[in-house]
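Scroll down for the structure; my scribbles are underneath it.
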Amino acid sequence: MGLFEKFKQGLEKTHNKLVHEIKRIVTLSPKLTGDSLEELEAALLSADLGVGMTGQIVEAVKRAYETQGRDGLDVFAIARKEIEQTLSTNDAKLHPAAGGLTVVSLAGVNGSGKTTTAAKLAWLVQQQGQTALLAACDTFRAAAIEQLKLWGQRLQVPVISGAYGADAAAVAHDAVVAAQARGAHWLFIDTAGRLHIDEELMAELQELKQNLNPTEILFVADAMTGQAAEKSAEEFHKRLGITGLILTKMDGDARGGAALSSRNIT
């Protein structure tokens, strides 16, 4: 079975349940009432669409009902349009700096997959004929540096690191100097996972941003966190001004609401 077929199969149960609920709600009454809108809202939330996305869809349904009436109401088409508009983008590729080294910083909560994602991105640019370095700026998690070094060995990508407990900003600075000296095109910075309520660690990320001025700041979210990713994405965006989202562990999730929640809030 192909990867996308696995995604499709995983989403099928949630999709079928949502379709059944929406059909029941819209056929229950000839009019769209406050009660039916509340039921629609609950159905969308239970399908992991998130508070922001759900509110957006419900408002669009209300507008369509007011202008077209009950007969012209297609909730599925409205929901699809709102979701496509939220997820659409002109260019989802990494954006290189105008000249010289492009610095990409990865941020997110603990266990979201930043280290592996950094390695995947380094592999990606290598396949495009460009050179990359990895910076092991997670000096807190046990074996984080060794994990990144192992990926570096497998991919033949140099890894710049310090000791555990070292200042992450100092490691990042050394990595920039090394990348520039080697004429590398890309530097991917793996940072320590942190909760958005951890003031000290969030301040560390802000310091990294001020010192490095990265071209890209990517928020790495675990698909299995669903709507819980919304608040984290919002707070990281406020602090850092994230430029992109990467969703991990899609093969282990049946919903993927983190994609909609994170994108909608940022």
Side-chain angles (χ1 to χ4, degrees), residues 94-97 100-126 130-222 232-233 235-248:
L94 288 171
H95 296 99
L101 178 68
T102 300
V103 178
V104 179
S105 179
L106 281 72
V109 301
N110 310 67
S112 59
K114 293 179 299 301
T115 303
T116 304
T117 299
K120 287 180 178 180
L121 291 174
W123 178 86
L124 176 66
V125 298
Q126 277 189 330
Q130 298 178 314
T131 55
L133 262 73
L134 292 163
C137 293
D138 182 354
T139 59
F140 293 93
R141 178 171 64 87
I145 296 173
E146 285 80 5
Q147 182 186 1
L148 195 64
K149 283 183 175 180
L150 180 59
W151 279 121
Q153 290 172 7
R154 290 176 175 176
L155 300 173
Q156 296 184 336
V157 174
V159 177
I160 308 301
S161 64
Y164 281 105
D167 179 48
V171 176
H173 176 267
D174 291 345
V176 170
V177 172
Q180 290 174 334
R182 302 182 191 200
H185 298 105
W186 298 85
L187 171 63
F188 296 101
I189 298 176
D190 178 31
T191 65
R194 64 206 74 208
L195 296 174
H196 62 271
I197 57 174
D198 192 322
E199 189 62 36
E200 183 178 347
L201 288 179
M202 291 301 289
E204 178 190 81
L205 276 183
Q206 288 180 295
E207 182 185 359
L208 274 173
K209 177 185 176 181
Q210 291 170 358
N211 292 342
L212 301 179
N213 191 27
T215 304
E216 295 270 26
I217 301 175
L218 305 179
F219 180 71
V220 181
D222 181 338
S232 293
E235 293 301 320
F236 272 81
H237 190 45
K238 284 181 182 177
R239 295 294 194 102
L240 303 174
I242 59 179
T243 62
L245 301 165
I246 293 179
L247 202 63
T248 62

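Ser105 places no side-chain N or O within donor-acceptor distance of the main-chain N or O of Pro214, the cut-off being under 3.5 Å. For Thr215 (side chain) and Thr102 (main-chain N/O), no donor-acceptor pair under 3.5 Å exists by modelled atom type. Ser112 places no side-chain N or O within donor-acceptor distance of the main-chain N or O of Gly108, the cut-off being under 3.5 Å. Although no hydrogens or angles enter the test, the distance criterion places no donor-acceptor pair under 3.5 Å between the side chain of Lys114 and the main chain of Ala107. Glu216 places a side-chain N or O within donor-acceptor distance of the main-chain N or O of His95, the cut-off being under 3.5 Å.
Residues Arg182 and Leu133 meet the side-chain proximity criterion, which asks for heavy atoms closer than 4.5 Å. Two residues are said to be in side-chain contact when any heavy atoms from C-beta on lie closer than 4.5 Å; Val176 and Asn211 fail this criterion. The closest side-chain heavy-atom distance from Val104 to Leu218 is below 4.5 Å.
The side-chain hydrogen bond (donor to acceptor under 3.5 Å, both in side chains) check on Thr131 picks up His185, with sequence neighbours excluded. Qualifying side chain to side chain contact (heavy atoms under 4.5 Å, CB included) partners for Ser161, counting only residues two or more places apart in sequence or in other chains: Ala136, Ile145, Lys149. Not counting sequence neighbours, the partners of Gln130 by the side-chain hydrogen bond (donor to acceptor under 3.5 Å, both in side chains) test are Trp186. Partners of Ala119 by side chain to side chain contact (heavy atoms under 4.5 Å, CB included), not counting sequence neighbours, listed by chain and number: Trp151, Leu155. The side-chain hydrogen bond (donor to acceptor under 3.5 Å, both in side chains) search around Gln147 returns Arg141, not counting sequence neighbours. For Glu207, the side-chain hydrogen bond (donor to acceptor under 3.5 Å, both in side chains) criterion is met by no residue, not counting sequence neighbours.
Residues Ala142 and Tyr164 approach most closely at C-OH, 4.1 Å, considering heavy atoms.
Under the 3.5 Å distance criterion, with hydrogens and angles disregarded, a donor-acceptor pair is assigned to the side chains of Asp190 and Thr115.
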